[in-house]
Amino acid sequence: MSEYRMTIGLEIHAELKTRSKMFCGCANASIDHNANDEKTPNVYVCPICMGHPGTLPVINKEAVRKVLLVGTALGSTLADFTEFDRKNYFYPDIPKGYQISQYKYPLVSGGSLAGVDITRIHLEEDTARSTHPEAKNIPGKEDDLLGVSLVDFNRAGVPLMELVTEPVIHSSEQAMNFAKELQLLLQYLDVSNANMEKGEMRVEVNISVSNTEKFGTKVEVKNINSFRAAGKAIEYEYTRQVALLEKGESVAQETRGWDENKGVTFSQRSKENAHDYRYFPEPDLPKLVLSEIPELERGVLVTNMPEIPAQKRIRFVEKFGLKPEDIEVYITNRDVGAFFESVISKISDENKQDKDLVKTTSNYITSDLIGLSKGVGAEFSYGKMTPEGFAQMIMMIKQGDIS
Ligand code: ADP
Ligand code: ZN
Ligand code: MG
């Protein structure tokens, strides 16, 4: 068997944390999945997001700003001219018969993250949520043999960014690392909660295998709702595609779904091409020249950009001289990092210079404190520990008052 090389490109959607939906004034309830109303279907709806004829959409400026902020953090090119397009298709979760998306002029192009080149990031509206419960679980429909499908439009029209990477990833580890790094970035920028289990971040993987210089036929896998699932779906596809080629068969270009319970991918539909969607510029929205909108200028975006993981890693090395493992704990658990920083801030300036003391502090937090808090609950909790108290304890250890 000859060597097969796997190639992966990712398409990642993230729901943006805005107060209102993308093109109407409805509350964006999807950002708070714990809100009671979010559990009541079809309450965050209006004639615009329900696609009633004669209604007019209005662009959510904050959603545009959030996508540009991500582009700024990735070192991408931000568009000057941009427009929205209609992507036409019929599906019960798309009330208008088309989705307002972007085609030719995405807001963001290029850039990179974790060694992966970004193709583009564009802005679109989310679809409604469909569920297909078994009839026996639905009051009044218990005897329905066909079952039912339900549609909840609360999510329809929620701002959604779509990031597409170049096909430059060659292992499941690299793919998962990129997705995790993007999730952190979105959370640090406060652009999205990006929780995969809640569907706030959705990863689609495109995978091909080849034993020649040329790319193989790619397969797109959807319905992945955790990083672990992404890795497993990639491994599964690699094995499946190699087996097909080894048998002398070809890989069909198609969209497949990930079955979490069975741990397999299954064919959903043959892949449609861009021309099937009959994209055309959305006639109900103005085209935008972003340099004419003061809040969206690059300089303004940079000035208002919160610290991102890459910057925090550098700061933690320079300021505290910590080892990479500790720094990663603080990068992925922001509250623990904040606790560490506030403990250090309670230590006298002179003692702060003592690198061993800073290291000791970090050791107690990353091993002992986290270890203890794990016994209490899933979330990090300090119990009764305050940063002042912790700093005092560290000083007592240093002075040999306690071991
Ligand atoms: P499509 O028009 O089918 O949507 P795109 O060119 O837009 O294809 O690419 C979609 C995604 O698929 C991108 O993330 C891209 O990197 C990835 N991709 C493209 N070609 C391949 C390939 N041969 N193998 C794996 N991924 C690929
Ligand atoms: Zn609405
Ligand atoms: Mg595409």
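Counting convention: from 1, in listed order, for ligands and their atoms alike. None of the values given here were measured: they were computed from a predicted structure.
Here's the thing with Glu11: none of its N/O atoms is less than 3.5 angstrom from an N/O atom of ligand 1. Polar contact with ligand 1: present for Pro167 (N/O pair, distance under 3.5 Å). The shortest N or O to N or O distance between Gln253 and ligand 1 is not below 3.5 Å.
Using a 4.0 Å cut-off to heavy atoms of Glu166, the atoms of ligand 1 that qualify are 16 (O). Near Leu10, meaning under 4.0 Å from one of its heavy atoms, ligand 1 places the atoms 14 (O). Near Gly216, with a cut-off below 4.0 Å to any heavy atom, the atoms of ligand 1 are 23 (N). The atoms of ligand 1 that sit less than 4.0 Å from any heavy atom of Phe215 are 23 (N). Distances below 4.0 Å separate heavy atoms of Val164 from the following atoms of ligand 1: 13 (C), 14 (O). Applying the 4.0 Å criterion to heavy atoms of Gly9 picks out, from ligand 1, the atoms 14 (O), 16 (O), 17 (C), 26 (N).
Under 4.0 Å is where a charged nitrogen must lie from a carboxylate oxygen, and between Lys104 and Asp85 no such pair does. Under the 4.0 Å criterion applied to side-chain N and carboxylate O atoms, Arg315 and Glu318 are not assigned as salt-bridge partners.
When only modelled atom types and interatomic distance are considered, Glu307 and Gln311 share no side-chain donor-acceptor pair under 3.5 Å. For the residue pair Lys287 and Tyr105, no side-chain donor N or O sits within less than 3.5 Å of a side-chain acceptor on the partner.
Here the side chain of Ser362 pairs no donor or acceptor atom with the backbone of Val358 at under 3.5 angstrom. Although no hydrogens or angles enter the test, the distance criterion places a donor-acceptor pair under 3.5 Å between the side chain of Asn88 and the main chain of Tyr277.
Here CD of Gln187 is found 9.5 Å from CG of Leu182. Values are rounded to the nearest 0.5 Å.
Rounded to the nearest 10 degrees, the angle SG (Cys46) to the Zn ion (ligand 2) to SG (Cys49) equals 110°.
Proximity annotation for atom 16 (O) of ligand 1: of Thr119, Ile118, Thr165, Thr165 comes nearest, heavy atoms only. By heavy-atom distance, the residue among Lys218, Lys214, Arg120 lying nearest atom 19 (C) of ligand 1 is Lys218.
Cation-pi geometry between Arg256 and Phe266 is not met: the NZ or CZ atom fails to fall both under 6.0 Å from the ring centre and inside 45° of the normal.
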